[in-house]
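Data block below; observations after.
Not measured: the values here are computed from a predicted model. Proteins come first, then strands; the chains are lettered A, B, ... in the order of their sequence lines, and each starts at number 1.
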Amino acid sequence: MKEKVSSLLKDFPKEKFCEDLIGWFQREQRPLPWREDKDPYKIWVSEVMLQQTRVDTVIPYFRRFIEKYPDMRALAEAREEELLKMWEGLGYYSRVRNLQEAVREVCEKYGGVVPKSREQFGKLKGVGPYTAGAVLSIAYGIPEPAVDGNVMRVLSRIFLIGEDIAKAKTRNLMEDLIREIISRDDPSGFNQGLMELGAIVCKPKAPACLLCPVQEHCRAFAAGLQEEYPVKTKSGKVKTVHLAAAVLTDERGRVLIRKRPKEGLLANLWEFPTEEADGLHFPDRAADFAERMKRKHGIRVEITGPLGKVEHVFSHLKWQISAYYGRAEGEIMETDTFKAVPLPDLEKYPFPVPHQKIFAMYQGDIGTEKGGSRTGKVRP
DNA sequence: AAGTCGGGGAG
DNA sequence: CTCCCAGACTT
């Protein structure tokens, strides 16, 4: 392992590389909200949000989040439901639960100071190898590697590394490599420079090599192979789950919603009552749905009609939801996980995106009175 | 090492 | 459509 790194570094001008990379970063970096100061807490929040999530997507979430929770104490005291509402639509919801748990631990065990060692910081919930290195280097100037997808792509090209970047040991190799070449003067500029380069120059497809500040150091470019790197095994296709969901109103016009289980997919988010519906079609599917609602919640349900279909693709599975609307009759027994809420109050609850789409169809159909979009698309 | 966990933008 | 994004956790 050590052998591999030193052979890759043979004849590699570390100093010049750092100089070119960091100089470019200082000139060309995008102004981003988490670059306005070096508060470790804010850097941390940004890095968690940026896990598997684009910069442009994160920006508005980051602004709202920091405005609501300007310091660790504020975040530590927040209610989970409010937290999920702030995270609604960002995905990977366990990130924000883990972040709060970790922040609470920093407040209690570390006197409210983000630990400055990888051993301590990296043990916190939701802080993996990447996030640990990113926060320590950017906030504290500690020379630790921060290897994300961008960095693996950039390094695989510069050093012509053909190892599969989907494998864990390849990331370890990259980290060893970074430890050897990272700038001791400016670890923050170095790590951010690699990521920024990956984001705006050394892109997955059609990299802008002619604009690259480290083109002269790039072995893939020298060989004309930049498009062939990195090597990555592709993921298989996802399986489909068929669901039936319904927007149900009671006699007082309230809408029935249900809280998802506290673990697993979309944990603790709310949704319109949903049941598996394999192999059934309307109206049998609607009848089966009503039967399940009676068994689970003791409620008589009448499906009035179809709203449309919603298809939602996750990382590892696909939902095909047939959405309906209808009425719930009799007294509604509310619990912590089952509620009847007035329509204007719905926005207080965190919903997954596919259920937001169902609600949009409901408003469209009910609003126009004559039904309309049955295509699963939200109309303008 | 392989699954689980969201959602969206780009080509 | 496919790819992949400032990844981490669980088994």
Side-chain angles (χ1 to χ4, degrees), chain A residues 25 29-30 32-35 43-62 84 87-99 101-102 122-139 145-154 164-172 174-175 178 188 190-200 202-207 227 230-239 241 260-261 263-269 310-319 350-357:
Chain A
F25 177 67
Q29 64 172 294
R30 296 165 291 180
L32 298 172
W34 47 90
R35 287 179 175 162
I43 306 291
W44 185 5
V45 170
S46 76
E47 293 302 344
V48 171
M49 286 186 170
L50 286 162
Q51 289 166 9
Q52 293 292 285
T53 311
R54 267 167 229 295
V55 166
D56 291 335
T57 302
V58 166
I59 291 173
Y61 282 91
F62 178 82
L84 287 172
W87 212 266
E88 184 185 59
L90 200 51
Y92 290 139
Y93 298 92
S94 64
R95 288 185 292 178
V96 73
R97 267 190 298 274
N98 291 339
L99 176 61
E101 185 179 333
K123 278 200 184 85
L124 298 172
K125 263 292 172 50
V127 180
Y130 164 75
T131 304
V135 173
L136 293 176
S137 64
I138 297 171
V147 177
D148 68 344
N150 283 319
V151 172
M152 291 209 277
R153 182 173 60 255
V154 171
D164 184 355
I165 64 167
K167 296 191 181 304
K169 62 177 297 190
T170 305
R171 200 204 68 227
N172 289 322
M174 305 270 186
E175 288 182 343
I178 295 289
S188 169
F190 180 91
N191 280 339
Q192 291 192 79
L194 280 181
M195 292 188 274
E196 193 83 344
L197 194 63
I200 65 187
C202 196
K203 294 178 289 188
K205 279 172 265 187
E227 299 264 22
V231 174
K232 185 179 182 184
T233 56
K234 35 183 169 285
S235 50
K237 49 162 122 343
V238 302
K239 64 178 179 185
V241 176
R260 294 180 57 83
E263 292 191 342
L265 184 66
L266 303 167
N268 281 350
L269 272 70
V310 171
E311 186 170 294
H312 193 77
V313 180
F314 299 92
S315 305
H316 59 297
L317 60 86
K318 181 195 291 187
W319 276 359
F351 281 83
V353 166
H355 284 266
Q356 293 177 32
K357 290 178 181 170

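Separating the C1' atom of C:dC3 from that of B:dG6 is a span of 16 Å, rounded to the nearest Å. Using atom P as the reference point in both C:dA6 and B:dC5, the two lie 23 Å apart (nearest Å). Rounded to whole Å, the P atom of B:dG8 lies 22 Å from the corresponding atom of C:dA8.
The nearest heavy atom of DNA chain C to A:R30 and to A:N98 marks one nucleotide each, and the one closer to the 5' end goes with A:R30. Of the two residues contacting DNA chain C, namely A:E47 and A:L124, the nearest-nucleotide position lying further toward the 5' end is that of A:E47.
In this structure, OH of A:Y92 is placed 13 Å from P of C:dA6, rounded to the nearest angstrom. Distance A:H316 NE2 to B:dG6 P: 8 Å, rounded to the nearest Å. In this entry the distance linking CG of A:L99 with P of C:dG7 reads 16 Å, nearest Å. Going from atom CD of A:E88 over to atom C1' of B:dG8 covers 15 Å, rounded to whole Å. The interatomic distance linking A:F314 (CZ) with C:dT2 (C1') rounds to 19 Å, in whole Å. Rounded to a whole Å, the CH2 atom of A:W87 is 13 Å from the P atom of C:dA8. In this structure, the CZ atom of A:R97 is 11 Å from the P atom of B:dC5, given to the nearest Å.
For A:L266, counting side-chain heavy atoms from C-beta on, the closest listed nucleotide (B:dG6, B:dT4, C:dT10) is B:dG6. Taking every side-chain heavy atom of A:M195 into account, C:dA6 is the closest of B:dG7, C:dG7, C:dA6. For A:A168, counting side-chain heavy atoms from C-beta on, the closest listed nucleotide (B:dT4, C:dA6, B:dA1) is B:dA1. Minimum atom distance to the side chain of A:Q52 is reached by B:dG6, of the listed B:dG11, C:dA8, B:dG6. Closest contact between the side chain of A:R95 and the listed nucleotides B:dG6, C:dA6, C:dT2 involves B:dG6. Distances from the side chain of A:L265 to the nucleotides B:dG6, C:dA6, C:dG7 place B:dG6 closest. Nearest nucleotide to the A:P204 side chain, out of C:dC5, B:dG7, B:dC5: C:dC5. Of the candidate nucleotides B:dG6, C:dA6, B:dC5, C:dA6 has the atom nearest to the side chain of A:V55. Distances were taken from every side-chain heavy atom of A:R153 (C-beta onward) to each of C:dA6, C:dC5, B:dA2; the shortest belongs to C:dC5.
An OP1 or OP2 oxygen of B:dG7 is reached within less than 4.0 angstrom by a side-chain nitrogen or oxygen of A:H312.
At distances below 3.5 Å, at least one donor-acceptor pair connects side-chain atoms of A:R95 with backbone N or O atoms of A:L90.
Checked by distance alone, A:T53 brings no side-chain donor or acceptor within 3.5 Å of a matching partner on the base of B:dG8. No N or O donor and acceptor, one from the side chain of A:T57 and one from the base of B:dG8, sit under 3.5 Å apart. Side-chain N/O atoms of A:R54 and base N/O atoms of C:dC4 include a donor-acceptor pair closer than 3.5 Å.
Salt bridge annotation for A:E101-A:R97: absent, with no cationic side-chain nitrogen under 4.0 angstrom from a carboxylate oxygen.
Aromatic ring orientation, A:F314 versus A:H316: tilted (interplanar angle from 30° to 60°).
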